[in-house]
Amino acid sequence: MKLPLEFYTHNDVLSITRNLLGKYLFTKIDGILTGGYIVEAEAYNGIIDKASHSYGGRQTPRTQTMYMQGGVSYVYLCYGIHEMFNIVTSTEGEPHAILIRAIVPTEGIPEMLLRRNMPVLKNNITMGPGSVAQALGISRKTNTVDLTGDVIWLEDHGLTFTNDQIKAVPRVGVAYAAEDALLPYRFFVKDCKYVSKPNK
DNA sequence: GAGATGATTAGCT
DNA sequence: GCTAATCATCTCC
């Protein structure tokens, strides 16, 4: 059931992103199991993606993780407080990554409530990339973790979405990036209450 | 070594 | 809808 390493090492980061929707993401942090299935993800297509840390082939200590072979986690801090969970794909030297933006929680919900400091379950518990990471207990300590290991992993439970249920939208703010601006990099499940804002 | 910045979120208007 | 909060990392001097 656990996704094999081959799932992550394909070169087509966009099709991997599409296939990630409906896959289950689990984490076991401090011995506590939490998880859910992915409903929103965004591809970061390496050196041609202006929004990527590795745009233009930039290589820094932080982005080293993106250049690794697919199948590891890439966690980084943004705006000082939000930790983001990415899945590195493709082969070594190709800085492809997929940002997990939203999941539907299924396992360990009480623990997620504690981590998010929320009294009751609300739709926004895993809405947005920062919230997903926090609810799952992901932090920079879980950077470069092997996704076929026992800390963070993905499973296929046979859940799939039709093309009608999935919406792919072009990224915004890259209008001058020629044909790349037209590519649909962001995938999400329509009308899912856990998906962040424009969910139709 | 100092300054700018950002793939966000929450809370107020 | 819009704006403030907040800090590790990158870049330039």
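Chain letters run A, B, ... following the sequence lines, proteins first and then strands; every chain starts at 1. Just so we're clear, the structure is a prediction, and the values are computed from it rather than from any experiment.
Look at OH on A:Tyr55: it is 18 Å from P on C:dC10, rounded to the nearest Å. At whole-Å resolution of the value, OH in A:Tyr76 and P in C:dC7 are 17 Å apart. Atom CZ in A:Arg62 sits roughly 15 Å away from atom P in B:dT5 (whole-Å rounding). Between A:Glu83 atom CD and B:dT9 atom P the separation is 13 Å, expressed in whole Å.
Look at B:dG6: its Watson-Crick or wobble partner, with both distances under 3.5 angstrom, is C:dC7.
The A:Ser131 side chain lies nearest to B:dT9 when the options are C:dC10, B:dT9, B:dA7. Picking from C:dC10, B:dT9, C:dA8 the nucleotide with the shortest atom distance to the side chain of A:Arg58 gives C:dC10. The side chain of A:Arg140 lies closest to C:dA8, out of B:dT9, B:dT8, C:dA8. Listed candidates were B:dA10, B:dT8, C:dA8. Nearest to the side chain of A:Leu77 is C:dA8.
Contact check, A:Thr60 against C:dT9: no side-chain N or O comes under 4.0 Å of OP1 or OP2. The side chain of A:Arg101 places an N or O atom within less than 4.0 Å of a non-bridging phosphate oxygen (OP1 or OP2) of B:dT8.
The pair A:Lys2-A:Asp150 meets the salt-bridge criterion, since a charged nitrogen lies less than 4.0 angstrom from a carboxylate oxygen.
When every heavy atom of A:Ala43 is checked against every heavy atom of A:Thr17, the shortest pair comes out as CB-OG1, 3.4 Å.
When ring centroids are compared, A:Tyr76 and A:His53 come within the 6.0 Å threshold.
In this structure a side-chain-to-backbone donor-acceptor pair under 3.5 Å is present from A:Thr27 to A:Leu136.
Between the side-chain ring of A:Tyr79 and the base of C:dA5, no stacking contact exists by the 5.5 Å and 30° definition.
Residue A:Asn124 is classed as having no contact, given no heavy-atom separation below 4.0 Å to the nucleic acid.
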